[in-house]
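Chain letters run A, B, ... following the sequence lines, proteins first, then strands; residues in each count from 1. Because the structure is a prediction, the values reported are computed rather than measured. Atoms considered below: every heavy atom in the structure, side chains included; atoms not considered: hydrogens, waters and symmetry mates.
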There are 2 protein chains.
Amino acid sequence: MAKFTRLSSEERRAQLIDVGLACLSEGGILHFTVDRICQRAGVSRGLVLHHFGSMAEMLAAVYARIYRDTVPDLGLLPPEARLEALLDGIFAPTAFSRDTLAAWLTLWGQVAVTPALQAEHQRQFRVYQAQVRDAIAAMAEARGRKVEADRLASSLVCLIDGLCLQRCMDPDVISAEAAKAACRDLLAPHLG
Amino acid sequence: MAKFTRLSSEERRAQLIDVGLACLSEGGILHFTVDRICQRAGVSRGLVLHHFGSMAEMLAAVYARIYRDTVPDLGLLPPEARLEALLDGIFAPTAFSRDTLAAWLTLWGQVAVTPALQAEHQRQFRVYQAQVRDAIAAMAEARGRKVEADRLASSLVCLIDGLCLQRCMDPDVISAEAAKAACRDLLAPHLG
DNA sequence: CCTCTTACTGTACGATCATTCAACAAGGAT
DNA sequence: ATCCTTGTTGAATGATCGTACAGTAAGAGG
């Protein structure tokens, strides 16, 4: 019998990212270590840096992963449905759970002090911000309203982040429905 | 000449908290270490744990400090001025700087995974949330409006947090004035 | 000037950290 | 069945981590 099984580079990276995410959720950045991740994944110490080069690079990969898992793709939806789909994705049970949010908070806390992570953040955030802006602009047009889509999108993004923050630090304070309602309330005066 | 100078417990704690805050700003939680803090403060290794007992306790003390430095005391102000004073305090140049915000983000990232910090957060946040609610309620009453002060305060707190988050991760995106405007825009439909 | 409290020093300790690297072997290719 | 690519192992390294603790001395009070 084989002492270990070989996976393709993509498969192994995906598995390690999963484990890394779990470590972040449970213990923050201080638990995001080579030893812990490898032990939990059932592989040897050398494998993480073989696939990612450094822990900072792996952290950036985890950031890209959680971004894709959380922010839905809105491209194919009809204009009036995009905004609601965006909120449904972000405030879905898995994305808006304490575990996922704890990972988000940890990553945010590292963005400003980890160059590799900061670069990944800017890459991901640009796409996200554009999606939110377009969803708002599409809705405004569908309803025949003139809005400052940029400013409104910026406010909505901030509100969403803050809701995630508060939800993570005290889950009882804000439910997913209350979070969606707060977002709609922010937009209502401008979109009707 | 003396080999070292003795300070009162309060003075030394204040100094070490200052240094700890600086370490958090510059390198996140991974730079919040006994060695770094002591070296930077010009004291020996044993002093931190002499005054704080553990690094987790010291982190909680730093959290309490940054909270008090950021959130202004609104008690004595006239009802209509409280909301604006709150925003002025939170978005003041020092509080809304990259350094201070980086420390905030780091601390937030640790709240969910550090019991001592979580306890301190709940203590501080309760007071903060109540201040925001009262400022909103006072303004609503002054203007003769009926509002759901709780929900509105919750939304405002989330928006403020999100603004801090975005500002820290990319200072060019949001100015202090834009942040204040976003907050006023959230409240305007309810408070006029 | 003496005493006493306690702020303070500095070493020691065991654990854990990220990274490097040479050797091994799994499994598709030929 | 053999070769070869490369995913994988595991030990070694040197730095750094938090905490414990026995001893030192500063400086206020008597």
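- Read 5' to 3', the first and last nucleotides of DNA chain C with an atom closer than 4.0 Å to a heavy atom of chain A are dC17(C) to dG27(C).
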Exercise for the section: If a protein heavy atom is under 4.0 Å from the base, mark B; if only from the sugar-phosphate, S; if neither, -; do that for nucleotides 17-30 of chain D going 5' to 3'. Expected result: SBB-----BBS---
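- The minimum heavy-atom distance between Gln124(B) and Ala64(B), with the atom names listed, is NE2-CB, 3.6 Å.
- At the heavy-atom level, Val48(B) lies nowhere under 4.0 Å from the strands shown.
- Using a cut-off of 4.0 Å between Lys/Arg side-chain N and Asp/Glu carboxylate O, Arg184(B) and Glu84(B) are scored as salt-bridged.
- The 12-atom threshold is not exceeded at CD of Glu148(A), counting heavy atoms of other residues, nucleotides or ligands nearer than 6.0 Å.
- Legend: residues meeting side chain to side chain contact (heavy atoms under 4.5 Å, CB included) with Ser44(B), ordered by chain and number and at least two apart, are absent.
- Within the 3.5 Å criterion, the main-chain N or O of Leu191(B) finds a donor-acceptor partner in the side chain of Arg143(B).
- Sorted by first then second residue, the salt bridge (Lys or Arg N to Asp or Glu O under 4.0 Å) pairs that include residues 170-182 of chain A, not counting sequence neighbours, are Asp88(A)-Lys180(A), Glu177(A)-Lys180(A).
- Salt-bridge formation is detected for the pair Arg40(A)/Glu26(A): a Lys NZ or Arg NE/NH1/NH2 atom is positioned less than 4.0 Å from an Asp or Glu carboxylate oxygen.
- In this structure, CG of Leu47(A) is placed 5 Å from P of dT8(D), rounded to the nearest angstrom.
- No more than 12 heavy-atom neighbours from other residues, nucleotides or ligands sit within 6.0 angstrom of CZ on Arg151(B).
- Ring-plane geometry between His121(B) and Phe125(B) is classed as parallel, the angle between the planes falling under 30 degrees on a 0 to 90 degree scale with a further cut at 60.
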Exercise for the section: Mind running side chain to side chain contact (heavy atoms under 4.5 Å, CB included) on Leu30(B) and Leu30(A) for me, showing each step along the way? Expected result: CA-CA 7 Å; Leu30(B) 298 177; Leu30(A) 297 177; 3.6 Å; yes
For nucleotides 1-3 of chain D, which of its nitrogen or oxygen atoms have a protein nitrogen or oxygen under 3.5 Å away, and what is each distance?
none

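- Phosphate proximity of dT9(D) to His50(A): absent, as no side-chain N or O sits under 4.0 Å from OP1 or OP2.
- For the 3.5 Å distance criterion, the side chains of Glu57(B) and Ser54(B) fail to qualify, holding no donor opposite an acceptor.
- Of all the heavy atoms in Leu16(A) and His51(A), the pair that sits closest is CD1-CD2, 4.3 Å.
- A heavy-atom distance below 4.0 Å to DNA chain D is reached by none of the residues of residues 11-26 of chain B.
- The backbone N or O of Ala95(A) sits nowhere less than 3.5 Å from a side-chain atom of Thr70(A) that would complete a donor-acceptor pair.
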